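Down below is the structure, laid out as structure tokens.
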Amino acid sequence: MRLSKSFINTLRETPKDAITPSHQLMLRAGLVRQSASGLYTYLPFGLRAIQKAINIVREEMDKADALELSLSILQPASLWKKSGRWEQYGKEMMRLQDRKDNFLCIGPTHEEMITDLISQTVRSYKQLPITLYQIKSKFRDEIRPRFGMIRCREFTMKDAYSFDVDEQGLEESYQKMYETYKKIFSRCGLDFEIVEADPGLMGGNFSHEFIAPSQNGEDTIIKCAKCSYRANLEMAECLPAKVSVAGGKNEEIRELNTPGIKTVEELNKSLKIPVSEMIKTLIFEIDNKKFVAALVRGDHEVNPAKLKRLLATNILEMASAEQIEKVTGAPVGFSGPIGLKEIKIVCDSSILSEQAYLCGANKKDKHLTGVNPGKDFSADITADIRYIIEEDSCPKCGDEISFTKGIELGHIFKLGTKYSVPLQAKFIGKDNKENPIIMGCYGIGIDRIIAVAIEQNHDKDGVIFPTALAPYQVLILPTNYKDEILKKKADEIYNTLIESSVEVLIDDRDETTGVKFKDAHLLGIPLIVVLGRNFIEKGEIELEVRGKEKEIIKEKGIVNKILAHLKT
RNA sequence: CGGGGUGUGGCUUAGCUUGGUUAGAGCGCUACGUUCGGGACGUAGAGGUCGGUGGUUCGAAUCCACUCACCCCGACCA
């Protein structure tokens, strides 16, 4: 492509709304333009990069025997009502009505559609296993789109769904995708971690996330320094406390006056008791009807995802101030486990029965000290219900852990029969019995591949595309295209590379050399071939590997040298 | 939805506190000329409902009210 004929839209200055490097550079390099919050237009160069990512994903999915199809973007409400998600899915799902007043949604995901398709087409175990996938736009009316392409409302997703006859089959399908994802992100040249994750609304006990470490990530992951343990914050297991705290089993309960002192920090300040020797009591409402009290140490936080899983509920919310007063008999800030009636007490496993703690008295302006769990109250359930903190150690090997931020590139789930049962996707087995199909689902955020590639590969001058994702591989830069010698040689190299099927650009614009260099670096094309005065004087051509070294090459060897670079 | 912030040609912005000429600038854009190895120089141009609506006033980019959009921090997720 000749730059004089292409559509490049580089910006000299950074648009003020863009904060993260990938967002700034994608705008500056003219890869995308924003049309509204969370909505972007891909310009030609950006689209080429996206197509590169799509092709890699498609190739690897096909190698894994997955089959591509395309489900309609608009989906009938009836299917979502069958799975129950018409009600469960919140405002992220864009709902609309057609001229006949039928309700539809713009697909935020496609489990219902694909399961319905399978229910109509699969009859026998002989048709299984099968994995189907598509690569297309999804729409989620996100609460808060941000970071440019990292969280948009309309985005391109590869979503795959596996269908098996049993758990073992699912395990194999899942494992296949796990390996496929590793290949995909490696081929894209990305740095990533695989972590255990909470499946949330999707169902299942655990899942895996593929996370690109980045300061601008929205997820927090936990890494063990020694072993291979990786988990996201929601999922990371906490070992029961090993820290020994002061106070003993036989302390007597004493009531303290604590007027207006509601938080652990305030209690710590006025009573000089370490926060780790306090119990925080939080009241949650589950399924919009029942209440539970969750107890964690003062220096810990309740992890709602763990609590949800433990209580097997999807709806868990903090109780309101009025509800707390009704349930505990005291205003917010004075709740405690002693004297709670008819509500389940869930105690975190880091609260030790042989220690004495400070906690709320369920009376206004009163707290209790010397409270021994086990002796003075009993929990209905004791389990791991808190977030891991940096002082914790690795749940697998006990070594140090660290926290890292990251961007979620992909997520693989085991769905089981969550959708196949309500949507009646069944098969007849060898034993002539009818059973629900066992499902898995596997997503990749395509736009995020590009955003992450840029987050991870850029410098002060612009993007440094990994070769696999670059919109073009080579940029030929004659410093002055009006110079006959330079023009002739540049065209010659350009034509030769085109004949070799190399994706090549030539900067034939009537721009100053400085502009050409700046654009070349901003665009991030991996190989820049500079033809300038050194060529005229000495027959030397400069080959710049974007972000790395520059080489001086004699005229004759240039094409082979370029081709050699592209192979590595 | 809660908290914070910003809206002035394509981009970055001055002016707003303390209302008063044709709303300035840099970059970009157009034409011509000189340049041509690091966003060059000269000359001449084009481009603006000052986010919108209503109000106060002789007079509003500037003050007031409402509203819209966008960004950032928290709850959602690829």
Side-chain angles (χ1 to χ4, degrees), chain A residues 9-20 23-24 27-28 30 33-39 57 88-93 108-110 135 137-160 181 197-202 207 209-212 216-219 232 234 304-305 316-318 406-413 441-449 451-452 461-462 477-483 486-487 507 509-522 528 530-537 540 542 544 550:
Chain A
N9 266 290
T10 52
L11 299 176
R12 191 178 290 220
E13 272 160 304
T14 305
K16 67 172 183 302
D17 281 346
I19 308 293
T20 55
H23 190 196
Q24 293 180 340
L27 291 169
R28 285 233 291 137
R33 273 293 163 99
Q34 181 168 7
S35 53
S37 181
L39 301 179
V57 169
Q88 276 178 30
Y89 226 107
K91 287 186 175 173
E92 287 80 52
M93 183 153 77
T109 177
H110 281 77
I135 299 170
S137 285
K138 296 270 184 283
F139 188 89
R140 294 182 191 169
D141 196 1
E142 293 287 349
I143 296 169
R144 181 147 106 80
R146 60 173 144 183
F147 300 151
M149 303 311 294
I150 290 170
R151 175 166 229 81
C152 0
R153 294 194 291 174
E154 184 180 320
F155 58 101
T156 306
M157 179 167 159
K158 187 285 301 177
D159 50 325
Y181 274 37
D198 175 62
L201 264 185
M202 299 298 274
S207 59
E209 284 177 341
F210 291 73
I211 302 275
N216 296 313
E218 299 180 278
D219 293 84
N232 77 6
E234 268 73 44
L316 178 92
E317 278 176 49
M318 295 282 285
I407 297 163
E408 186 179 1
L409 288 165
H411 202 157
I412 58 178
F413 303 85
C441 90
Y442 317 91
I444 291 180
I446 300 287
D447 318 80
R448 283 186 182 176
I449 291 179
V452 163
D461 297 320
L477 196 163
T479 57
N480 181 359
Y481 194 67
K482 282 182 183 163
D483 182 286
L486 294 180
K487 179 178 188 300
D507 197 343
R509 296 175 301 171
D510 184 18
E511 290 285 355
T512 59
T513 314
V515 170
K516 292 182 181 186
F517 275 113
K518 289 287 181 189
D519 274 345
H521 291 148
L522 185 54
I528 302 167
V530 182
L531 289 154
R533 69 162 89 90
N534 289 338
F535 177 74
I536 298 171
E537 289 165 10
E540 285 175 359
E542 184 180 305
E544 180 183 347
K550 290 179 190 176

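Here is how names work: the chains are called A, B, and so on, in the same order as the sequence lines, proteins then strands, and each is numbered from 1. Computed from a predicted model, the values in this text were never measured in an experiment.
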Ranking B:rC73, B:rC70, B:rU13 by distance to the side chain of A:R144, first place goes to B:rC73

When rounded to whole Å, the CG to P distance for the pair A:D17 and B:rU12 reads 8 Å

A:E142 CD to B:rA75 C1', in whole Å, measures 12 Å

Base, sugar-phosphate, or nothing: which does [X] touch, judged by heavy atoms less than 4.0 Å apart?
X: A:N534; value: base
X: A:I19; value: sugar-phosphate
X: A:L39; value: nothing
X: A:T156; value: nothing

inquiry  = If the threshold is 4.0 Å, N to carboxylate O, is there a salt bridge linking A:D510 and A:K482?
reply    = yes

Residue set satisfying ring pair (Phe, Tyr, Trp, His ring centres under 6.0 Å) with A:F210, at least two apart, ordered chain then number -> A:Y178, A:Y181, A:F185

When rounded to the nearest Å, what value does the distance between P atoms of B:rU13 and B:rU21 take?
-> 26 Å

I'd like a table of atom pairs between the protein and nucleotides 27-30 of chain B - only N or O on both sides, under 3.5 Å - with the distance next to each one.
unit_1: B:rC27; atom_1: O3'; unit_2: A:R12; atom_2: NH1; d: 3.4
unit_1: B:rC27; atom_1: O3'; unit_2: A:R12; atom_2: NH2; d: 3.4
unit_1: B:rC27; atom_1: O2'; unit_2: A:R12; atom_2: NE; d: 3.1
unit_1: B:rG28; atom_1: OP1; unit_2: A:R12; atom_2: NH2; d: 2.9

A correct dot-bracket answer for RNA chain B, with pairs being Watson-Crick or G-U at under 3.5 Å, [ ] for crossing pairs and | for inter-strand pairs, is (((((((..((((......[...)))).((((((.....)))))).....(((((..]....))))))))))))....

ask   = Does the side-chain ring of A:F155 sit on the six-membered ring of the B:rA78 base, less than 5.5 Å centre to centre and under 30° in tilt?
value = yes

Report task. Using atom types as modelled and distance alone, determine if a side-chain donor or acceptor of A:R28 lies under 3.5 Å from a backbone N or O of A:L11. Result -> yes

